[in-house]
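Atom set for the values below is all heavy atoms of this structure, side chains included, hydrogens, waters and symmetry mates excluded. Order of the sequence lines sets the chain letters (A, B, ...), proteins ahead of strands, with each chain counted from 1. For clarity, every value in this text was computed on a predicted model and none was experimentally measured.
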Amino acid sequence: MSETQTMSEAAPHVRIRAIGPGHLGQRVQIRGWLANKPGGKGRYFLWLRDGSGIIQAVAEQEKSSPEDWEAVESIGLESSIIVEGIVKAHPRNEGEFELDFAGIKVLQAVSDYPITKKEHGTEFLMKHRHLWLRGRRQSAILRIRAEVHKAWADFFYDRGFFRVDTPIFTPNACEGTTTLFEVDYHGDTVYLSQSGQLYNEADIGALGQVYCFGPTFRAEKSKTRRHLLEFWMLEMEAAFYDFDDNIRFQEEMIAFTVSRILERCSAELKELGRDPEKLRPATQTPYPRLRYGDAIELINKSRVAILMEQRGLSEEKALELLYSGKATFSDDTYDDDAEKTRKLEPFRWGDDFGAPDEAAISAQYDRPVFVSNFPTEIKGFYFKQDEEADGSLRVDPVFAALPDDMKLPGMSGHTVQGADCIGPEGAGEMIGGSQREDNFERLMENIEHHQLPLDFFQWYLDTRRYGNVPHSGFGIGMERFVAWVAGGSDTPVHIREVITFPRMLHQFEP
RNA sequence: UCCGGCGUAGCUCAAUGGCAGAGCAAACGGCUGUUAACCGUUAGGUUACUGGUUCGAGUCCAGUCGCCGGAGCCA
């Protein structure tokens with residue numbers, strides 16, 4: 001501090017976020033970077049940024065030492081500096097604070113910071129992601145993400161769950177092999193993990209209630225605003241939880257987390273332009289629930305509505321056209337510039353939801369919605385199937401009532417005790433969860449039917465051989481969740497903004 | 001893998017097939033409770049790359065590369 005006599009050894013270092021009414025009139029020290037410097041001859045407003053928030057120090061030539069003033073004049077955006085000043089109320093902005101500049105130490109003066117105050121394109125920003133992170137919007141999103149981490153950790157800890165860490169190198173797939181990243185493991189081929197679930201199912205034998213939270217790798221060639229090749233997923237598994245316990249746990253967890261964000265991240269939401277009232281409904285449980293069979297009707301109604309609107313047809317004519325299989329529609333759901341004409345067919349039993357279908361479902365509600373009881377055929381081998389009282393497999397009544405041309409070939413009508421949670425405002429699928437199959441014979445049949453390597457699953461089957469219990473679990477994608485909380489539909493946050501260094505198709509630098 | 005869009009100054013974008021332009025950033029000067037401050041001056045170009053059509057191509061055609069969005073698949 002010897003270069004600048006005005007620096008005081010006594011002034012305490014404070015984080016900007018922590019500055020409050022208690023600091024009024026006190027001299028404090030801010031350590032960080034110069035975010036902006038409006039002003040000019042005789043007076044500068046130094047926008048100071050330390051990662052926790054932003055505050056301006058008002059520096060005036062006549063009140064400053066010549067050395068300090070020269071430093072203030074010379075520094076450019078993102079110079080690293082230590083500034084001292086007296087805390088006072090912001091004269092214009094109610095409830096905000098500013099500093100009367102009292103001294104500066106320049107650690108590094110910068111004059112050519114690449115990211116200017118003008119707007120930039122995606123490509124440029126992604127190439128400078130390591131610097132883009134410093135922006136007010138980007139850092140606000142990352143603070144929200146950190147708060148979600150904390151909320152989830154608290155939620156699980158308070159309910160007696162233990163965090164376990166599942167392996168990232170895995171010997172084989174629990175689902176398809178086309179979306180796995182291969183790694184050479186000293187001559188053997190292993191894969192980067194797509195899920196810790198199977199390991200969690202073993203871990204509950206030791207700990208009862210667990211969750212894992214780590215990176216998940218999907219080699220899918222997806223290039224959309226909802227996809228990362230490396231994303232973070234929390235997976236919960238609980239012994240003796242039934243399907244309803246599982247759903248209730250999920251909605252309570254989301255409600256708790258959203259409440260936390262509203263409580264602790266109001267400054268960040270404001271920075272992002274995110275309306276807190278859009279999040280408020282999600283703090284109230286229970287969330288609406290919908291069976292797959294009911295969703296069929298809802299989706300087909302939405303498709304009829306599209307035809308009625310785009311073609312000016314009556315409901316009757318639109319229905320006729322949809323079921324003729326010759327209908328087309330203009331889809332601009334995700335791209336305002338390029339409308340596309342697509343075939344529009346009825347949604348049949350056995351179809352999987354596309355993004356527009358999820359949107360049609362979520363549009364009905366102001367909070368997350370669960371869609372449950374999917375056809376067995378379109379879900380993984382570990383899903384427990386719905387049973388009748390006598391233990392036989394249940395045929396869904398909606399399926400039984402459907403005409404044959406509304407069912408895909410090979411459908412049994414059997415359903416699973418699984419549910420997806422679809423976020424509001426077009427957030428898409430955030431959670432997938434289920435009751436796990438604990439009937440040994442049925443599990444074996446499923447493994448065979450999915451043509452999975454039985455050798456690999458022997459250790460997993462031991463969980464059913466020795467002390468088998470009913471259990472349930474789910475996985476939630478961190479980035480999709482945060483993108484919804486931070487962005488919504490009016491002020492969308494892209495999934496690439498939700499993680500410090502996103503890994504996307506053909507995009508792994510910096 | 002497929003479909004659509006885009007690629008011009010450091011950045012964001014203009015330019016009927018006919019002289020390569022503006023704003024911001026930068027440098028210099030002026031102004032001042034500023035909120036992407038403002039005003040003036042200066043400087044800034046292999047129009048992604050390769051080939052073709054044409055008297056003439058940033059513009060039209062073909063191919064390549066890169067970026068963005070979407071489909072399938074998924075959280």
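Taking only side-chain nitrogens and oxygens, A/Lys223 comes nearer than 4.0 Å to OP1 or OP2 of B/C68. Residue A/Arg218 places no side-chain N or O under 4.0 Å from the OP1 or OP2 atom of B/C74. In this structure, A/Arg225 reaches the B/G70 phosphate: one of its side-chain N or O atoms is under 4.0 Å from OP1 or OP2. Residue A/His120 places none of its side-chain N or O atoms closer than 4.0 Å to OP1 or OP2 of B/G10. A close approach under 4.0 Å does occur between a side-chain nitrogen or oxygen of A/Arg496 and OP1 or OP2 of B/G69.
Counting any heavy atom pair closer than 4.0 Å across all strands shown, A/His128 reaches no nucleic acid atom. Contacts of A/Ile115 with the nucleic acid, taken as non-hydrogen atoms under 4.0 Å apart, are absent. The residue A/Asp352 sits close only to the backbone: its heavy atoms come under 4.0 Å of sugar-phosphate atoms, none of a base.
Remark on RNA chain B: of its neighbouring residues A/Gly475 and A/Tyr44, the 5'-side contact belongs to A/Tyr44, judged by nearest-heavy-atom nucleotide. Residue order along RNA chain B, read from the 5' end via each residue's closest nucleotide, puts A/Gly121 first among A/Asp100 and A/Gly121.
Taking 3.5 Å as the limit, the base of B/C73 and the side chain of A/Ser222 contain a donor-acceptor pair of atoms between them. Interface remark: the A/Gln56 side chain does form a donor-acceptor pair with the B/U34 base, using a distance-only criterion of under 3.5 Å.
For B/A75, the base is stacked against the aromatic ring of A/Phe231, per a cut-off of 5.5 Å between centres and 30° between planes.
Ring centroid separation for the pair A/Phe481 and A/Trp152 comes in under the 6.0 Å cut-off. Residues A/Phe156 and A/Phe256 keep their aromatic ring centres 6.0 Å or farther apart.
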